[in-house]
Structures are given as structure tokens and as C-alpha cells.
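Below is one structure, written out as C-alpha cells, with a few remarks after it.
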Amino acid sequence: MKKDIHLYNSLTNSKEIFKPLVPGNVGIYVCGPTVYSSSHMGHARSAIVFDVIVRFLRQIGFKVNYVKNFTDIDDKIIEKANELNQKSEDIANKYKQEYIEDMKNLGCISPDHEPCVSQNINGIIDLIKEIIDKDFAYEINGDVYFQIDKFKEYGKLSNQSTDSMIENNRIEFNPNKKNPLDFALWKKVKNNEPSWESPWGNGRPGWHIECSVMSCKHLGKNFDIHGGGRDLIFPHHENEIAQSECINSGNFANYWIHNGLININKEKMSKSLGNMINIKDALTRWHPILIRIFFLSHHYRTPVDLSEEKLIEIEKSLKKAKNKIMLSKPKSIDLTDFNNLWMEAMHDDFNTAKAIGIFFKYINDGKINPSNIDQVKIFEQVMGITNWTSIFEHDSETSNIDSSFINNLISKRNEARKNKNWELADELRNEAEQKGFILIDEKEQTLWKTKDR
RNA sequence: GGCGGUGUAGCCAAGUGGUAAGGCGAUGGUCUGCAAAACCGUUAUACCCCGGUUCGAAUCCGGGCACCGCCUCCA
């Protein structure tokens, strides 16, 4: 008997039973980055959330077509290129490669398709032509704008009426637009910009249109799931819906999944506040598995406060969990219950936080031990945390540390301890600590390890 | 102002009608010369406030209060 998946659909603001268009298959399109700078922890969260969703869907037998795009033509890329006196193509490529590398390092599986705007210009031009033909867009002075008044459902994703949007809009008045909310499908070329020939003259695509084209190319005119960060709901996803649905019948995407954003020490992480944390920087400090578990122990829709302390908490809890497992006597305890429970949590709007809680519970109840840990494999695979216990295997390793110093110190100290010269023994222990070594006195011997942080 | 979200222990965080998961911390203990580490216990009669529905509400409804996000580029 197959269980239903309930998922929260941002389009209807309610939890719904997931019904794929084609039974057993899922088409999912996730908005990837605009590649104009190094990717940050917001990208990481989104990527990890959807990575786990895709892994889970595959685990329970769906054939998933996972598409994530790169927006490699955009104002910000051009701006950056001009600033650095480089080609915008080179800027885009550089950060695209970085992103791919970062995702690999975070343990994310590669999407099946990673289309770029620059590879889909013809498709974009064709779609714009079609939108104009159907009278949902107009050309003026080499620009093409989508006319939102023509699309009656405009605002249905962000739950805004166009009136209130106009009232509140802060966009500079653009005399070319019939309605201030109209948005560009095609932009006329300016100096120092990449451009392509089109029926409206040289220019380039506006933001939004690429996603309508590329999702359609890989998933069809109607597909199952469209994902991305909450901040994309308006205008990006709203506009995608308008562009796509004005010429096709039915829903563009049936289900919209939006992940919550990130705060850094209780403050919004944003470019303007200058508190962005790059994935690369985070990875020099934190094991990717810690980062994954950190994100996955929150429900994907809630905002998350990222801080040093939280990562340390995760690290401690995992370390304890590992010890607990290793110290448990091998017993052949059946973990079918465990697997049913976390799977059930995942069926309910991908509740990774609950799933992880169940994982810890089973560990702390002593039900997971060295001889049945294999039964946890599927859980680890779905969460993308395979081999998580290996994070802690570097303790007491000599690798590139001069161990003669510390071994000398230990024998001197043990001599002092034998003579009950506690003062000297404590002094030596302090010295070791100052040099970054922690001493662990056991019955027969003294072990040492390097101070973690 | 419009739309959306959130409010659960010291902190973080699950829980959408059946009597409060999990993690960190704290605390008691074991171990230790003392520590550290590790391990074993304990740790919310209670879910922002006020009403209501119900046999039963953190969960549903109404009304407040507080915080946050989007409405401009952002994952």
C-alpha cells in the first residue's frame, strides 16, 4: 500500500495530497542562482532542501526529473563585468563553476538538467513571440513588456491584487510601460551588454522569461513541482506564472514549494546588510554533514537563524550519538519501526526535523548499535549524511602534528602524578592545553587530542 | 497600508483535535588526585493573551498583543 505525500502548496496556502501528472513520475523545477557572485548559505539551504526532497521521492519509487537552472544573463552580472572590465560571460561561467563545486561539496546530487539562459535564447524569443501573438505583451522602442492587465489571475501566487500592488509599488515610473507593474520580457541592448538578434532588434531576455522556457523544455508546459526560496514568490514566480499560463491551459506548475530564508545572528541575511556567508567559507569551518543536519533539523518553510553556536550544538549532539552507538552492545534489534516512523514524517510535507528527532530518539534509546546500523542506511542516504560518523574520526590522530612534544609532556606528567606531585601535573596539563592539546586520563594510559575549536 | 509567516522549557525545535518528539544547556551521579572527556539519571500539569466550539484544543473559530518576511535585486 502506497502512502500519500502531503505537501504544502504555496499556490493554495494549504497542505494537499501530492498527485503527479503522470503516476510514478515527478517533474521538479527549482530556481537556481543568478551567477554574479559566490554562492551563499541561502543557496545552500535551498539546494539541500530540494536535494533531500528529490532523494526522498526517488527512494519511495518515483522517477524524478530534477531541473535546476542557472540565470547567466542578468543586470547584476553585466554590472559586475563592467566593474571588473571583464566579459559578462566569463563572470557567469566562473560563478557557475563555483556553484557546481559548492553543491558537490555540500553533498547534493546533481540535477538531471542544469539549463542556462544563454543556451536557450531561441526558445525565449519563440515564447515571447507567442505571447505577443496572443496579445499579452507589447513591443515598444526595442523593449517587450508583459501586460499584466491582460492576465486576469495576476497576483494569485503572492495573493496580491494588482490595485494594491500599484498602490505600494516602489518601481520608478517607466513611461514605456502601459501599467507600472508590466515587466520586461526582452530588453533592448545598451552599451557593453551581451545581446542577441531578435524580431525587436538587438537585446537580451528579461529576468523571469528563462524559467518559463527552460521548465517547459525539460518538463513540459504543465509540470508537478516548482521550487525556490520564499523571496522568489514575488515578482519572479508570479511573473513566470503569468508568462506561462497566458498561452497554455492549466496550471504552469501544480505545486509550489518555497523554502524559508536565513537569518544570521537574528538579522536577515542580505546583501545590503553585508552579512552574507559564502558556502566556501562555511565549508572551511564546518563539515558539510553538520551544515546539512543543521538545515534539516528545521522544517524547510520556517526561517532559520544560522550561528556558530547552533553548528556547535549539532556537532556535539552528533558526537554523542556516535559514541552512544559505538558503545552499545551489538544486538540484532529490528529497526523496521524506525524506518516506518521517519518515512511517515517525510510523507508529511517533508518533515526532516521530525525525522531527525526520531533518529536521535532511537539512538538514545540504545536501539541502534554497531550490528544493526545498516538498517539506518536508507535514512542516511535520503538525508545525504552517509558516513556521518566519520566526522569524528580524526581524534588522537597524529597526522601533521609533532607528537613527540605531547608524548614527552605526558610521560613527564605521569611521572609527577605517580609521585603525587599534583601541582606539577596540573601545570603540565595547562601547558598542553595552551599548546592546543587536551589530555584524557584513563586507567592505564593518558590519551590526547587536539582542541577542536 | 496590502499580503504572508511566526509566537511551545534557559536557548533551538517537532507536534493541525486525544493528553507535550528531539538537540543544546543546566543539574545530580559514575569515573578522576582534582579536572576534562565519556557514560547514566533528572529537567514544560504545560504551549503569547482573552473569549468560543468540543467529552476533549498547543492544535479548530473569533478578537487582541508581539516579532519577522515580502511588496525593490536576492535562495
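Protein chains get the first letters and strands the later ones, always in sequence-line order, with residue 1 at the start of each.
Nucleotides rU16(B) and rA21(B), compared at atom C1', are 16 Å apart to the nearest Å. Straight-line distance between the P atoms of rC65(B) and rA58(B): roughly 24 Å, to the nearest whole Å. Nucleotides rG18(B) and rG10(B) are separated by 30 Å at their C1' atoms, to the nearest Å. With both ends at atom C1', the span from rG23(B) to rU43(B) equals 14 Å, rounded to whole Å. If you take atom C1' in rC55(B) and the same atom in rC40(B), they sit 42 Å apart, rounded to whole Å. When the P atom is compared between rC49(B) and rA35(B), the two are found 43 Å apart, to the nearest whole Å.
Ionic pairing of E153(A) and K156(A) is present here: one or more N-O contacts between side-chain nitrogen and carboxylate oxygen are shorter than 4.0 angstrom. The pair E114(A)-K96(A) fails the salt-bridge criterion, with no side-chain N (NZ, NE, NH1 or NH2) lying under 4.0 Å from an Asp/Glu carboxylate O.
Looking at D75(A), D143(A), D72(A) one by one, the single match for salt bridge (charged side-chain N to carboxylate O under 4.0 Å, His left out) with R204(A) turns out to be D75(A).
Closest to the N159(A) side chain, of the nucleotides rA75(B), rC3(B), rC70(B), is rC3(B). Comparing atom distances between the K361(A) side chain and each of rG23(B), rC71(B), rG22(B) picks out rG22(B) as nearest. Candidate nucleotides rA75(B), rC71(B), rG23(B) were compared by shortest atom distance to the side chain of S317(A), and rG23(B) ranks first. The N13(A) side chain lies nearest to rG4(B) when the options are rA75(B), rG4(B), rG2(B).
In this structure, V304(A) and F295(A) have side chains that are in contact, with non-hydrogen atoms separated by less than 4.5 Å.
Scanning for salt bridge (charged side-chain N to carboxylate O under 4.0 Å, His left out) contacts around D149(A) gives an empty result, with sequence neighbours left out. Checked against side chain to side chain contact (heavy atoms under 4.5 Å, CB included), D112(A) has the following partners two or more places apart in sequence or in another chain: R58(A), N65(A), Y66(A).
As judged by a 4.0 angstrom heavy-atom cut-off over every strand, G32(A) is placed among residues touching the sugar-phosphate backbone only. Residue-level contact check: G357(A) touches the bases, meaning some heavy atom is under 4.0 Å from a base atom. Contact annotation for L261(A): base contact, defined as any heavy-atom pair under 4.0 Å involving a base atom. Using a 4.0 Å heavy-atom distance criterion, M269(A) is classed as a base contact.
Screening residues 296-317 of chain A for ring-ring contact (aromatic ring centres under 6.0 Å, His included), with sequence neighbours left out, gives F294(A)-H298(A).
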Give the table of side-chain donor-acceptor pairs shorter than 3.5 Å for residues 358-365 of chain A, with sequence neighbours excluded, one pair per line with atom names and distance.
residue : atom : partner : partner atom : Å
K361(A) : NZ   : D365(A) : OD2          : 3.4
N364(A) : ND2  : F360(A) : O            : 3.3

(message) I need a per-nucleotide contact map over nucleotides 25-38 of chain B, read 5' to 3'. Cutoff is protein heavy atoms under 4.0 Å; write B for the base, S for backbone only, - otherwise.
(response) S------SBBBB-S
Considering only nitrogen or oxygen atoms on both sides, find all protein atoms under 3.5 Å from nucleotides 11-16 of chain B and state each distance.
residue : atom : partner : partner atom : Å
rC12(B) : OP1  : K266(A) : NZ           : 3.2
rA14(B) : OP1  : H299(A) : N            : 2.8
rA14(B) : O3'  : N351(A) : ND2          : 2.9
rG15(B) : OP1  : N351(A) : ND2          : 2.6

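Minimum heavy-atom separation, G107(A) to R292(A): O-NH1, 3.0 Å.
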